[in-house]
There are 2 protein chains.
Amino acid sequence: MFQPCQNGAVTKAKRVQRTQRRTDALSKERIIETAIEILDTEGESALTFRALAARLATGSGAIYWHVANKDELLAAAASDVIARVVTDVAGGTESREAIRSIALGVYDAIDAHPWVGTQLSREPWQFAVLRIFEAVGGQLQALGVPEPAQFNCASALVNYVLGLAGHHAAAARLLAPGTDRTAFLATAAARWAQLDPAQYPFMRQVAAQLPGHDDREQFLAGIDLILAGIGEKVR
Amino acid sequence: MFQPCQNGAVTKAKRVQRTQRRTDALSKERIIETAIEILDTEGESALTFRALAARLATGSGAIYWHVANKDELLAAAASDVIARVVTDVAGGTESREAIRSIALGVYDAIDAHPWVGTQLSREPWQFAVLRIFEAVGGQLQALGVPEPAQFNCASALVNYVLGLAGHHAAAARLLAPGTDRTAFLATAAARWAQLDPAQYPFMRQVAAQLPGHDDREQFLAGIDLILAGIGEKVR
DNA sequence: ACTCTGGATGGAACGTTGTTCCAGGCGCGG
DNA sequence: CCGCGCCTGGAACAACGTTCCATCCAGAGT
């Protein structure tokens, strides 16, 4: 009947002034760390409380003492990864360049951990998203975007990044097994080339450009496009 | 051992030149239609094969004869909704305006059917996304965007829309019960206002603007921002 | 030194889900 | 009228997230 977790601060404070109960003590940090490990090495679908419990050599019930549910676990894991990326931006760089750098950081993080992409577009105002929003917003202020426009500009940038994040993660989910990326692109191109020319002329034209296409470059092109639009607000 | 479904064309062709076996015959169309009904009235989590079977007065096995799995069902449902929206754009309108209209159509569709937002960011190159991409791409050609830039521009617009779609759908999922939108905004604003001022100055500033904030307007502002960026490519 | 206590543990059990399997039913071609 | 094959409906399966509870154990109180 008691309410576990959600009072992590108290638990932690007590733990600090107490010798660890055991050397292999469970903790929220260790759980999240292990969860990230599983997500990275075996994919999103492999993260189950059973698998997590097995790797931590405990039972699923014990995990629930530290973590409210799977949603919280995933949100915390994503927040961890994003935090590392967003705080990485070196100070002193020009704002426009800093935004590019933040966006690329997030992109690369999602590329390395596709499950982050899924998570970012699963819960609306989770911590990880707030972090990105804050980082981007700060640079927009520095860039001289007038205050009323700042929210809209940040929203545009962040939503673009999140859209690509979800898309990327979904693609990675399909790719997961052995196939390599160029083969995947070729398959997509072939499928698009077979679309009805009357109904899908644009997709067919794009299909031709698909081999030799660089996702990362396209991502950055999109950021630059939005930055160009924002530039008009500054001038 | 036989392979059901995936040959819908053949099945349908036969059915046309044959009197319906029953008046209440099952069909992929009727299944999708019913699925959309459930999704709209009871939310994403209510769509289970059991609930679907119950409403169709049949068993779950029968549904699997017409539909490969839940992913296909959701993709087909989303494609249905999006198709209605994207083909709605009146011909003859100016390209920039047409793109705005397409985007707003998708936005409104997601607002009315939040589950579509979830679905769009779940599978990478599903039909619904292709439809949007094609519609946007066509207008970009008409706008005079040089061919090499068309793919990037379309990608930016579509990813922005999808990002917002996922975000919106996730928010709707939380909102689902009885709470109204203004109360939800107030809650978010209050939460953001409590963030560490040193670490989250921007979020706190934005929190102040959050009451009296219009999602739809912000969405359109984002589209205009990207269009402004694209405008520089045309000039 | 001994008990007491409540935070922490681990594994069994529950309810629900997507999916598979299979024993039939039904209408059309022979 | 029969039998073949498309189609049906519901039972059964495996896996999941979550709950429950008997048990453990380090430190506070005596």
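A, B, ... follow the sequence lines: proteins, then strands. Residue 1 opens every chain.
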*Asks:* D:dG10 C1' sits how many Å from B:Y64 OH, rounded?
*Replies:* 14 Å
*Asks:* Can you confirm if the aromatic rings of A:Y160 and B:Y160 lie within a centre distance of less than 6.0 Å?
*Replies:* no
*Asks:* Of all heavy-atom pairs between A:A103 and A:V161, which one has the smallest distance, and what is that distance?
*Replies:* CB-CG2, 4.5 Å
*Asks:* Under 4.0 Å between any heavy atoms, over every strand shown, what does B:A57 touch: base, sugar-phosphate, or nothing? Just pick one.
*Replies:* sugar-phosphate
*Asks:* Give the rounded distance in Å between these two atoms: CD1 of A:I38 and C1' of D:dC16.
*Replies:* 15 Å
*Asks:* Roughly, in whole Å, what's the span from CG in B:L52 to P in D:dT8?
*Replies:* 13 Å
*Asks:* Would you find a donor on one side and an acceptor on the other, under 3.5 Å apart, between the side chain of A:R173 and the backbone of B:R122?
*Replies:* yes
*Asks:* Among C:dT9, C:dT19, D:dT18, find the nucleotide with the atom closest to the side chain of A:A62.
*Replies:* C:dT9
*Asks:* Return the value, rounded to whole Å, for the distance between atom CG of A:L26 and atom C1' of D:dC25.
*Replies:* 15 Å
*Asks:* Would you please indicate if the ring centroids of A:Y107 and A:H168 are separated by under 6.0 Å?
*Replies:* yes
*Asks:* Grab the CG-P distance between B:D71 and C:dG18 for me, whole Å please.
*Replies:* 11 Å
*Asks:* When you check the phosphate oxygens OP1 and OP2 of D:dT8, does a side-chain N or O of B:H66 lie under 4.0 Å from one of them?
*Replies:* yes
*Asks:* Establish, from distance only, whether the side-chain atoms of A:T118 and A:E44 form a donor-acceptor pair under 3.5 Å.
*Replies:* yes
*Asks:* OP1 or OP2 of D:dT8 versus the side-chain N and O atoms of B:W65: is any pair under 4.0 Å?
*Replies:* no
*Asks:* Can you tell whether the side chains of B:E37 and B:R55 come within less than 4.0 Å, N to carboxylate O?
*Replies:* yes
*Asks:* Pick out the pairs of N or O atoms, protein on one side and nucleotides 12-17 of chain C on the other, that lie under 3.5 Å.
*Replies:*
none

